[in-house]
There are 2 protein chains.
Amino acid sequence: MREPTFLILTALARAPMHGYGLIQEVAELSGGTLELRPGTLYGALDRLTDDGLVSLDRQEIVDGRARKYYRLTDHGDAALRVETERLRRSVEAATRRLALRPAFPAGPSVTGGPAIAGGVA
Amino acid sequence: MREPTFLILTALARAPMHGYGLIQEVAELSGGTLELRPGTLYGALDRLTDDGLVSLDRQEIVDGRARKYYRLTDHGDAALRVETERLRRSVEAATRRLALRPAFPAGPSVTGGPAIAGGVA
DNA sequence: GAAGATATCTTCGTGTGCGATATATTGGCC
DNA sequence: GGCCAATATATCGCACACGAAGATATCTTC
């Protein structure tokens, strides 16, 4: 599961949403770093629906425009929990190892030194 | 950046490693859930080298077998930090929203609280 | 000398995400 | 009244990362 898919599930974890709302919600969740394109969104929704992680909640007509609300299924809820824990472990591992490194003396100059530090167990 | 790539950079954050060592290290980092295949590994190393995130540290001959050690560059260090924070934000968002859901009433009752909690931002 | 582990690397196929594009309706603007 | 932007859904093709499988080579063990 990649980031767009993960964030779609995350967005749906709070409440059912329709496609366009998901685009905005995911942008917010990612701090603006990820702009969901229609091709990504609807492709993901189809895939997730096939996999049973998401299902069509209801269909409304708002101002003459059809709105399809998608909902996280129990299966999707479980998958999101599993994936979240996987990611959490990765993030923790990376954080731990980055902390051992001499975190960049800042400055625009790269200052030659490889500065790799010795073998830590 | 996807998970295999992320974990390769994470593995290299501690110390330079050679390909085969990375396969084992990434398996350990992921708790055995991700087994890096040679195609994934060497493809990623080539790509990361082209992008300047990783570079060839040294080449040793151990027991007659060539070993190429790869090293995280400053650029790679920075990229890993950025990516780690991105992931951390995603994980926190998902955790927060999952905590709001009635975490599976399920049968055998999980005793009292969801107990997921943690510091919500 | 054959078998298995170590170690690197290539080729090929596929799934996912993304860009571009199409369609339709509403509302604002000139 | 016509045009454009925004809202909203949907499809197509491409690129890229990944994964499976196999080729190559050396060392160790039997």
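Throughout, protein chains are lettered first and strands after them, A, B, ... in sequence-line order, and every chain is numbered starting at 1. What you see is a predicted model, and the numbers here were worked out from it, not measured in a lab. Heavy atoms only: backbone and side chains are in, while hydrogens, waters and symmetry mates are out.
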- Query: Which one, D:dT9, C:dT16, C:dC9, comes nearest to the side chain of A:Arg47?
  - Reply: C:dT16
- Task: Tell me, yes or no, whether the heavy-atom count around A:Gln24 atom CD, taken from other residues, nucleotides or ligands under 6.0 Å, exceeds 12.
- Result: yes
- Message: Here's a test of your reading of the structure: between B:Val62 and A:Arg67, which maps to the more 5' nucleotide of DNA chain D?
- Response: A:Arg67
- State which residues pass side chain to side chain contact (heavy atoms under 4.5 Å, CB included) with B:Leu87; sequence neighbours excluded, sorted by chain then number. A:Leu87, A:Val91, B:Phe6
Polar atoms only, N or O, under 3.5 Å: list the protein pairs with nucleotides 20-25 of chain D and their distances.
| unit_1 | atom_1 | unit_2 | atom_2 | d |
| --- | --- | --- | --- | --- |
| D:dA20 | OP2 | B:Arg37 | NE | 2.6 |

- Item | Ionic contact status for B:Arg58 with B:Glu60, cut-off 4.0 Å | yes
- Message: With a 4.0 Å limit, can you tell me whether B:Thr5 has a side-chain N or O closer than that to the phosphate oxygens OP1/OP2 of D:dA17?
- Response: no
- Item | Check: B:Thr73 side chain, B:Gly52 main-chain N or O, donor-acceptor pair, under 3.5 Å | yes
- Message: Measure CG/B:Leu41 against P/D:dG19 and give the value in whole Å, please.
- Response: 11 Å
- With no hydrogens and no angle check, do the side chains of A:Ser30 and B:Arg86 hold a donor and an acceptor under 3.5 Å apart? no
- Taking all heavy atoms of A:Leu56 and all of A:Arg71, pick out the closest pair and write down the distance. O-NH2, 4.2 Å
- Query: Between D:dA10, C:dG17, C:dT10, which one does the side chain of A:Lys68 approach most closely?
  - Reply: D:dA10
- Short N-O contact, A:Glu92 and A:Arg89, less than 4.0 angstrom: no
- Specify the separation, in whole Å, of atom CD of A:Glu3 and atom C1' of C:dT16. 14 Å
- Just how far, in rounded Å, is P of C:dG15 from CG of A:Leu45? 19 Å
- Whole Å only: how far is the CG atom of A:Asp46 from the P atom of C:dG15? 15 Å
- Query: What pair of heavy atoms forms the shortest contact from A:Thr10 to B:Arg97, and how long is it?
  - Reply: O-CD, 3.3 Å
- Please report, rounded to the nearest Å, how far the P atom of D:dA10 is from the CG atom of A:Leu36. 14 Å
- Task: Would you classify B:Phe6 as touching base, sugar-phosphate or nothing, given that sugar-phosphate means primed atoms plus P, OP1 and OP2, and contacts are heavy atoms under 4.0 Å?
- Result: nothing
- Query: How would you label the contact of A:Tyr70 with the nucleic acid (heavy atoms, under 4.0 Å): base, sugar-phosphate, or nothing?
  - Reply: sugar-phosphate
- Task: To the nearest Å, give me how far apart CE (A:Met1) and C1' (D:dA17) are.
- Result: 17 Å
- Please work out which residues in residues 7-34 of chain A have a non-hydrogen atom less than 4.0 Å from an atom of DNA chain D and list them by number. A:His18, A:Gly19, A:Tyr20
- Query: For the pair made of CD in A:Gln59 and C1' in D:dT9, what is the distance, rounded to whole Å?
  - Reply: 11 Å
- Message: Tell me whether B:Asp77 is salt-bridged to B:Arg81, with the criterion being a basic N under 4.0 Å from an acidic carboxylate O.
- Response: yes
- Query: For A:Arg2 and C:dC18, what is the distance between atoms CZ and C1' respectively, to the nearest whole Å?
  - Reply: 9 Å
